[in-house]
Asker: 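Can you keep this structure in mind? I'll have questions shortly.
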Protein chains: 2
Amino acid sequence: MAAKQTGHAALAALLWEPQAGPRRGPRPTLTLEAIARAGVAAADADGLGAVTMQRVAEAVGVTKMALYRYVPGKDELVALMLDVGIGPAPHPASGHWRADLEAWSRALAARFQRHPWAMAATIGTRVMGPNELDWLERAVAALDGTGLTGAEAIDAAAVLAGNARAMTEQAAAAGGAGPEDALAAVLAGLLRGREDRFPAIGAAFAETVRDGGRDEAFEFGLQRLLDGIEALIAKRRKG
Amino acid sequence: MAAKQTGHAALAALLWEPQAGPRRGPRPTLTLEAIARAGVAAADADGLGAVTMQRVAEAVGVTKMALYRYVPGKDELVALMLDVGIGPAPHPASGHWRADLEAWSRALAARFQRHPWAMAATIGTRVMGPNELDWLERAVAALDGTGLTGAEAIDAAAVLAGNARAMTEQAAAAGGAGPEDALAAVLAGLLRGREDRFPAIGAAFAETVRDGGRDEAFEFGLQRLLDGIEALIAKRRKG
DNA sequence: CATATACCGTGTCTCACGGACACAGTTATT
DNA sequence: AATAACTGTGTCCGTGAGACACGGTATATG
């Protein structure tokens with residue numbers, strides 16, 4: 001299942017074809033969206049590992065094998081879930097590229113935070129769905145007229161998206177009053193007694209804890225990236 | 001297996017405890033490192049999905065169940081593989097923070113490129129291993145004396161690492177003359193006939209293809225981030 | 001030196017999950 | 001009315017993770 005080479009085209013058709021015309025047999029009782037939504041609900045509740053064909057099938061009220069009439073396999077189901085879960089991009093268009101990209105990035109981070117499993121699902125070679133491509137379109141459009149090349153605009157969008165994904169993931173692990181606090185405690189305990197081996201981290205950690213450590217890694221990366229993009233735009237405009 | 005809440009402490013002990021003292025029974029025939037290396041080899045060859053207890057056991061010459069004498073479960077094995085595969089960080093220390101971080105980031109990206117499965121393995125709540133913490137230490141140390149706070153230094157390291165991870169992944173998917181080219185073809189085919197819906201991407205893509213599209217997303221993100229960090233350092237120094 | 005105690009590797013079993021396949025029922029086409 | 005295509009279902013199999021009890025082995029204790 002993990003290595004299903006055949007099917008990029010099939011997956012693309014699944015994600016992009018709206019619906020085939022009138023067919024002969026009995027009319028389907030389900031829709032792709034209903035199936036995907038059931039999967040999203042299961043993943044939101046209990047993680048991506050809890051998304052099983054059986055469970056999704058029960059959620060929509062059919063047998064496990066009935067799902068295979070709609071979806072070639074589980075990988076494709078997850079791809080569908082991703083596009084449905086991430087949803088369409090907001091269309092702010094304030095007019096200024098920086099404000100637009102900032103809002104775009106925060107909105108994307110919020111989506112990832114709402115669907116933590118999406119980070120695990122966006123790994124590896126993938127076919128982009130309509131919504132995902134919509135997000136990319138908005139970011140590239142925001143950079144229109146700034147003097148960046150097309151490749152640079154796409155790179156910028158990819159980097160900003162990567163930041164939102166990676167840093168939100170880290171935030172999800174650090175924040176929340178769940179058993180994740182135990183993780184931070186484990187790390188702190190690990191550091192204790194090893195300050196000689198990791199002096200810089202030890203000092204930084206001590207300082208952070210003193211200041212009331214929260215994780216602003218996403219915001220930090222966002223601002224640094226925007227500053228860097230701004231510098232590039234300025235350089236391009238000068239010549 | 002995916003949801004094993006118990007064991008952060010056990011995993012930490014596994015990753016960090018060097019070796020217990022002399023024990024009573026027969027001496028173990030294997031070492032943790034040998035097991036981890038076998039796993040790394042399997043993952044490098046056929047992907048993370050091909051890493052099965054059975055296969056790793058065969059590679060080291062024991063039965064599947066013998067591995068459980070060394071490792072609590074597969075998740076822990078993968079965590080071990082990650083730390084072994086990523087290896088220790090280089091210690092360049094050129095003296096200038098920017099050069100150091102640049103080399104650091106490129107080295108990390110190279111490691112990820114060498115072990116593509118590591119990107120999938122670094123997802124979710126994790127306990128850092130010695131090598132992983134070593135990488136963090138080097139990055140934070142490079143920012144010593146720049147005027148950044150400890151929290152900012154840690155954030156910077158996390159963001160740079162996130163960029164290396166996410167962008168290298170994308171590069172691995174786009175490059176190479178494998179069936180991934182088919183993916184790009186699918187995307188291009190998708191875009192064709194939808195330029196009205198995704199005008200910005202269409203224009204950017206056309207321009208990129210004309211210029212001979214390569215993926216420099218990692219380098220782009222790296223330079224933008226370093227520029228942004230440099231701007232922050234300059235601001236801090238001014239007051 | 002003898003014995004108990006802990007530990008090592010193995011074989012067998014169970015369970016969960018993804019997926020193949022054949023079958024019966026349903027509906028649009030001819 | 002007959003046919004062809006499509007839908008949902010039940011049954012089956014392969015694979016992989018992990019539980020558990022067993023026999024063998026090396027160290028600590030008397």
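Here the structure is a predicted model, which is why all the values come from computation and not from measurement.
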Asker: For the side chain of B:Met53, starting at C-beta, report the closest nucleotide among C:dC8, D:dA17, D:dT9.
Answerer: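 The closest nucleotide is D:dA17.
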
Asker: Tell me whether the side-chain N/O atoms of A:Arg23 come closer than 4.0 Å to OP1 or OP2 in D:dT7.
Answerer: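 Yes, such a contact exists.
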
Asker: Assuming nearest nucleotide by heavy-atom distance, tell me which of B:Pro26 and A:Pro26 is located more 5' along DNA chain D.
Answerer: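 Looking at the nearest nucleotide for each, A:Pro26 comes out on the 5' side.
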
Asker: Establish, with yes or no, whether the OP1 or OP2 oxygen of C:dG9 is under 4.0 angstrom from a side-chain nitrogen or oxygen of B:Tyr68.
Answerer: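 False: B:Tyr68 side-chain N/O out of range (4.0 Å or more) of C:dG9 OP1/OP2.
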
Asker: Establish, with yes or no, whether the OP1 or OP2 oxygen of C:dT10 is under 4.0 angstrom from a side-chain nitrogen or oxygen of B:Arg69.
Answerer: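 For B:Arg69, the contact criterion (side-chain N or O under 4.0 Å from OP1 or OP2 of C:dT10) is not met.
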
Asker: For the base of C:dG19, is there a side-chain donor-acceptor partner from A:Lys64 under 3.5 Å away?
Answerer: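 Between C:dG19 and A:Lys64, which were checked side chain against base, a qualifying N/O pair under 3.5 Å is present.
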
Asker: Take atom CD of A:Glu58 and atom C1' of C:dC17, then tell me their distance rounded to the nearest Å.
Answerer: 13 Å

Asker: Send over the distance from A:Lys74 NZ to C:dC17 P, rounded to a whole Å.
Answerer: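 Computing the A:Lys74:NZ to C:dC17:P distance gives 9 Å.
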
Asker: Tell me the interatomic distance from B:Leu67, atom CG, to D:dG16, atom P, rounded to whole angstroms.
Answerer: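 Whole-Å distance recorded here is 14 Å.
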
Asker: Identify, between A:Val51 and B:Met65, the residue whose nearest nucleotide on DNA chain C lies closer to the 5' end.
Answerer: B:Met65

Asker: Provide the closest heavy-atom pair for B:Val60 versus B:Ala34 in the form atom of the first, atom of the second, distance.
Answerer: CG1-O, 3.9 Å

Asker: Is the shortest distance from a Lys or Arg side-chain nitrogen in B:Arg106 or B:Glu219 to a carboxylate oxygen in the other one below 4.0 Å?
Answerer: yes

Asker: Would you say B:Thr52 reaches D:dT15's phosphate, i.e. side-chain N/O to OP1/OP2 under 4.0 Å?
Answerer: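 Result: no.
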
Asker: On the nucleotide D:dG8, are OP1 or OP2 found under 4.0 Å from the side-chain N or O atoms that A:Thr29 carries?
Answerer: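 Answer yes for this pair, as a side-chain N or O of A:Thr29 is under 4.0 Å from OP1 or OP2.
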
Asker: Would one find a side-chain N or O of B:Arg27 under 4.0 angstrom from OP1 or OP2 of D:dT27?
Answerer: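 Answer is yes, contact under 4.0 Å.
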
Asker: How many whole angstroms separate atom CD of B:Gln54 from atom P of D:dG14?
Answerer: 16 Å

Asker: For residues A:Pro90 and A:Trp135, report the shortest heavy-atom separation together with the two atoms involved.
Answerer: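 Residues A:Pro90 and A:Trp135, closest heavy atoms: CD-CH2, 3.5 Å.
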
Asker: Rounded to the nearest Å, what distance is computed from the CZ atom of residue B:Arg24 to the P atom of nucleotide D:dG24?
Answerer: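 Taking CZ of B:Arg24 and P of D:dG24, I get 20 Å after rounding.
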
Asker: Can you tell me which nucleotide in D:dT9, D:dT25, C:dG25 comes closest to the side chain of A:Ala66?
Answerer: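 When the side chain of A:Ala66 is considered, D:dT9 is the closest of D:dT9, D:dT25, C:dG25.
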
Asker: Which heavy atom of A:Thr168 sits nearest a heavy atom of A:Ala109, and at what distance?
Answerer: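 What the structure gives for the nearest pair is OG1-CB, 3.5 Å.
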
Asker: Tell me the interatomic distance from B:Arg55, atom CZ, to D:dG16, atom P, rounded to whole angstroms.
Answerer: 10 Å

Asker: If you take all heavy atoms of B:Ala57 and B:Leu67, which pair is closest and at what distance?
Answerer: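 Heavy atoms of B:Ala57 and B:Leu67 come nearest at N-CD1, 3.7 Å.
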
Asker: What's the OH-C1' distance between A:Tyr70 and D:dC6, to the nearest Å?
Answerer: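 Taking atom C1' of D:dC6 as the reference, OH of A:Tyr70 is at 10 Å.
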
